[in-house]
Each structure stands twice: as structure tokens, then as C-alpha cells.
Amino acid sequence: MEAIVLFSALFLMPVIAFFFMFRFLKHFSKQNEGIALTSFLFALIIWTFSSSILLAGGG
């Protein structure tokens with residue numbers, strides 16, 4: 001069970017966050033510039049956040 005949580009927090013969460021933000025911005029934005037970069041930065045923030053939670057929890 002811990003391996004599933006670790007895998008999803010470190011690898012799956014940033015990928016899902018990237019595609020979520022990419023689709024969200026693609027749907028609501030009138031400009032197409034910077035959507036991939038913004039989505040990548042959002043995924044990086046989510047990856048940092050989930051990793052810090054794992055480190056704080058002793059995982």
C-alpha cells in the first residue's frame with residue numbers, strides 16, 4: 001500500500017496535474033502561448049508539494 005502511495009505522489013500526481021492544467025487552460029484561454037510552460041510549472045509545484053508531504057510524514 002505504501003508503494004502505491006509513493007508511486008502516485010512522485011510520478012503519477014505531476015503527470016495528472018500537467019494534463020489537467022493543460023486541458024483547463026486550453027479550454028478557457030484565448031491565447032495559446034505559454035500553456036505548456038504554465039502546465040509544466042504547475043506540475044512542478046504539485047510534485048514539490050506531494051514530495052514535501054511524504055518527507056514530513058516519514059514516508
Side-chain angles (χ1 to χ4, degrees):
M1 187 64 173
E2 293 174 2
I4 294 171
V5 172
L6 181 68
F7 177 76
S8 64
L10 291 180
F11 300 111
L12 209 57
M13 183 69 76
V15 172
I16 292 171
F18 176 82
F19 284 116
F20 167 76
M21 185 56 75
F22 188 82
R23 297 284 302 210
F24 182 81
L25 291 176
K26 200 75 152 157
H27 182 73
F28 287 110
S29 178
K30 294 178 181 169
Q31 299 176 350
N32 288 334
E33 299 172 357
I35 290 178
L37 177 65
T38 305
S39 300
F40 174 74
L41 293 176
F42 180 73
L44 188 64
I45 290 169
I46 294 299
W47 179 73
T48 306
F49 183 67
S50 62
S51 297
S52 66
I53 288 175
L54 282 176
L55 287 173

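As a basis for the values below, the full set of heavy atoms in this structure was taken, side chains included, without hydrogen atoms, waters or symmetry mates.
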* Trp47 backbone acceptor or donor facing Ser50 side chain under 3.5 Å -> yes
* Asked: Quick one: does Ser52's side chain have a donor or acceptor within less than 3.5 Å of a partner on Phe49's backbone?
  -> yes
* **Distance in Å, Leu44 CG paired with Leu37 CG, rounded so as to fall on 0.5 Å steps** => 10.5 Å
* Report whether Met13 and Phe24 are members of the same hydrophobic cluster (ILVMFWY, side-chain heavy atoms less than 4.5 Å apart, transitive linking). => yes
* Asked: Would you say Leu10 and Ile4 are hydrophobically clustered, going by side-chain heavy atoms of ILVMFWY under 4.5 Å?
  -> no
* From CD1 (Ile45) to CZ (Phe40), nearest 0.5 Å -> 10.5 Å
* Structure fact -> Residues Ala43 and Ala17: closest non-hydrogen pair is CA-CB, 4.2 Å
* With side-chain contact (heavy atoms from CB on, under 4.5 Å) as the test, would you mind laying out the steps for Ile35 and Met21 before giving the verdict? => CA-CA 8 Å; Ile35 290 178; Met21 185 56 75; over 6 Å; no
* Tell me, with the steps shown, if Phe18 and Phe42 meet side-chain contact (heavy atoms from CB on, under 4.5 Å). => CA-CA 7 Å; Phe18 176 82; Phe42 180 73; over 6 Å; no
* Straight-line distance of Ser51 OG to Ile46 CD1, nearest 0.5 Å -> 11.0 Å
